[in-house]
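Below is one structure, written out as structure tokens, with a few remarks after it.
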There are 2 protein chains.
Amino acid sequence: MSHDPQMAARVWRGLRTLVLERYDRRKEVTAALDMSFIRAKALRHLAAAPMTMRQLAAVLATDAPYTTLVVDDLVRRGLVVRDVHPDDRRQKIVTATPEGEKTAEIAERILGEPPPPLLDLDPADLATLDRILATLVK
Amino acid sequence: MSHDPQMAARVWRGLRTLVLERYDRRKEVTAALDMSFIRAKALRHLAAAPMTMRQLAAVLATDAPYTTLVVDDLVRRGLVVRDVHPDDRRQKIVTATPEGEKTAEIAERILGEPPPPLLDLDPADLATLDRILATLVK
DNA sequence: TGAAAAGATTGTATCCGTACAACTAAGGGG
DNA sequence: CCCCTTAGTTGTACGGATACAATCTTTTCA
């Protein structure tokens, strides 16, 4: 069976509409945490796993100098701490504090809350979506 | 049958990963059009349908003054024109020029290109996705 | 007709983010 | 040991975006 390129395009458009237009919670997060979205993103990643500055810069897709500013701000807020890497004194390991973990969780809850139509979806369809998505994001 | 909230959350996370992390083409668009993403977004909407400044501001989720700057820039590039509304001389109708339509189409092609895993998807699953998405974005 | 409201523009201030240059400290290899 | 590389920081400059005040024209309506 061959593909219907129009169908693939329509599906992609639907996915983008859902995520980017209908249920984009960025502003909610910045309002709830009172920080820019990139700071919240940094905090979420750091809460998931401690990281060096270099790794964090890669995750944020920004350069090292700006990463320093972001982490400076998070440290000032008491949400993360910077420690020297035990095996390489050049590197700093950034770790979320308990307070930082709590804050990151607030962001996760806002961003991760499934939109109403997804919650109202027919359970069989939801399971199907789950299966298909597993292959798509694999 | 009752819902599995974990499944809904997992599906939502998958959707976000796909659209926001794996196949975000914003930078491609800004590079191809040599303009900020919000300008490209304005141009795409204007190419789809002429609009007043007020309507465009709403679409862009920005305020009227900044919308003026964005449209000024698009006019300067010859991609849109501003005309007085025939029924209300206070309003301006912004319309894409033929050149603007061509440029918008480039952006649409970049953003609308379905990601590889979607093109490689089993046709039956693609059709299922199409059906489910139609209910989700309805 | 005169006051109030709406649409758009101009101007200003500020923050966010990107990009670079320059520098310090530490590690690695000849 | 010296040179080169790497990690991180500091500083600067600039464009992008948000927010707000003020102004002008046009429309609406009492």
Side-chain angles (χ1 to χ4, degrees), chain A residues 20 24-46 50-77 79-95 107, chain B residues 20 24-46 50-77 79-95 107:
Chain A
L20 296 175
D24 180 7
R25 275 75 169 261
R26 287 160 198 250
K27 292 197 175 180
E28 269 183 74
V29 170
T30 60
L33 270 58
D34 190 33
M35 64 174 70
S36 70
F37 191 74
I38 204 170
R39 282 166 174 73
K41 184 174 180 181
L43 182 58
R44 286 192 299 128
H45 281 279
L46 292 171
M51 231 175 288
T52 65
M53 294 296 292
R54 164 157 292 270
Q55 291 171 320
L56 182 59
V59 166
L60 300 181
T62 179
D63 66 354
Y66 192 61
T67 305
T68 294
L69 295 186
V70 168
V71 171
D72 280 352
D73 182 64
L74 293 177
V75 168
R76 214 173 297 121
R77 293 171 187 251
L79 303 177
V80 306
V81 290
R82 246 190 285 232
D83 296 300
V84 175
H85 192 294
D87 298 342
D88 184 344
R89 296 174 45 77
R90 289 173 304 180
Q91 301 182 39
K92 310 282 181 64
I93 299 181
V94 191
T95 309
Chain B
L20 296 176
D24 180 6
R25 275 76 170 258
R26 288 160 198 249
K27 291 196 177 181
E28 268 182 75
V29 170
T30 60
L33 271 58
D34 191 31
M35 64 175 68
S36 70
F37 190 75
I38 204 171
R39 282 166 174 73
K41 185 175 181 181
L43 182 59
R44 287 191 299 128
H45 281 279
L46 292 171
M51 233 176 285
T52 66
M53 294 296 293
R54 165 157 291 272
Q55 292 172 319
L56 182 60
V59 166
L60 300 181
T62 177
D63 65 356
Y66 191 61
T67 305
T68 294
L69 294 186
V70 168
V71 171
D72 280 352
D73 182 62
L74 294 177
V75 168
R76 214 174 296 122
R77 294 170 187 252
L79 302 177
V80 306
V81 290
R82 246 189 287 230
D83 295 301
V84 174
H85 191 294
D87 298 342
D88 185 343
R89 296 174 46 76
R90 288 173 303 181
Q91 300 182 40
K92 309 282 179 66
I93 300 182
V94 191
T95 310

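Letters go in sequence order (proteins before strands), and every chain restarts at 1.
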Nucleic acid contacts of residues 63-73 of chain A, taken as heavy-atom distances under 4.0 Å to DNA chain C
D63(A), P65(A), Y66(A)
Could you state the atom-to-atom distance from CG of L56(B) to P of dA17(D) in whole Å?
13 Å
Given protein heavy atoms under 4.0 Å, the one-letter contact record of nucleotides 23-30 of chain C, with B base, S sugar-phosphate only and - none, is simply ---BS---
Rounded distance (nearest 0.5 Å) linking atom OG1 of T67(B) with atom CE of M51(B)
11.0 Å
Nearest-Å distance for atom pair CD/P, residues Q91(B) and dT27(D):
10 Å
Rounded distance (Å) that lies between atom P of dG15(D) and atom CG of D34(B)
13 Å
Can any side-chain N or O of D73(A) pair as donor or acceptor with the backbone N or O of R76(A) at less than 3.5 Å?
no
Please test L20(B) against R26(A) for side-chain contact (heavy atoms from CB on, under 4.5 Å), starting from the C-alpha separation and ending with a verdict.
CA-CA 12 Å; L20(B) 296 176; R26(A) 287 160 198 250; 3.4 Å; yes
Side-chain heavy atoms of Y66(B) within contact of I38(B), under 4.5 Å:
yes
Do the non-hydrogen side-chain atoms of R39(B) and L33(B) ever get within less than 4.5 Å of each other?
no
Any non-hydrogen side-chain atom of R82(A) less than 4.5 Å from a side-chain atom of M53(A)?
yes
Could you state the atom-to-atom distance from CZ of R82(B) to P of dG7(C) in whole Å?
16 Å
Take R39(B) and Q55(A), find for each the nucleotide of DNA chain D with the closest heavy atom, and name the residue whose nucleotide sits nearer the 5' end.
Q55(A)
Measure from CZ on R54(B) to C1' on dA5(C) and round the result to the nearest Å.
11 Å
Could you give the distance from NZ (K41(A)) to OG1 (T62(A)), rounded to the nearest 0.5 Å?
10.0 Å
At under 4.0 Å, does any side-chain N or O of T62(B) touch on OP1 or OP2 of dA17(D)?
no
Round to the nearest Å and state the distance from R76(A) atom CZ to dT9(D) atom P.
12 Å
Could you state the atom-to-atom distance from CZ of R26(A) to C1' of dT18(D) in whole Å?
16 Å
Sole residue of K92(A), H85(A), Q91(A) in side chain to side chain donor-acceptor pair (under 3.5 Å) with D88(A)
Q91(A)
dA17(D) C1' sits how many Å from M35(B) CE, rounded?
16 Å
On DNA chain C, check which nucleotide each of I38(A) and I93(B) is closest to and give me the residue with the more 5' one.
I93(B)
Distance (rounded to the nearest 0.5 Å) between L56(B) CG and L46(B) CG
5.0 Å
Can you find a side chain N or O atom of T52(B) that sits less than 4.0 Å from OP1 or OP2 on dG7(C)?
no
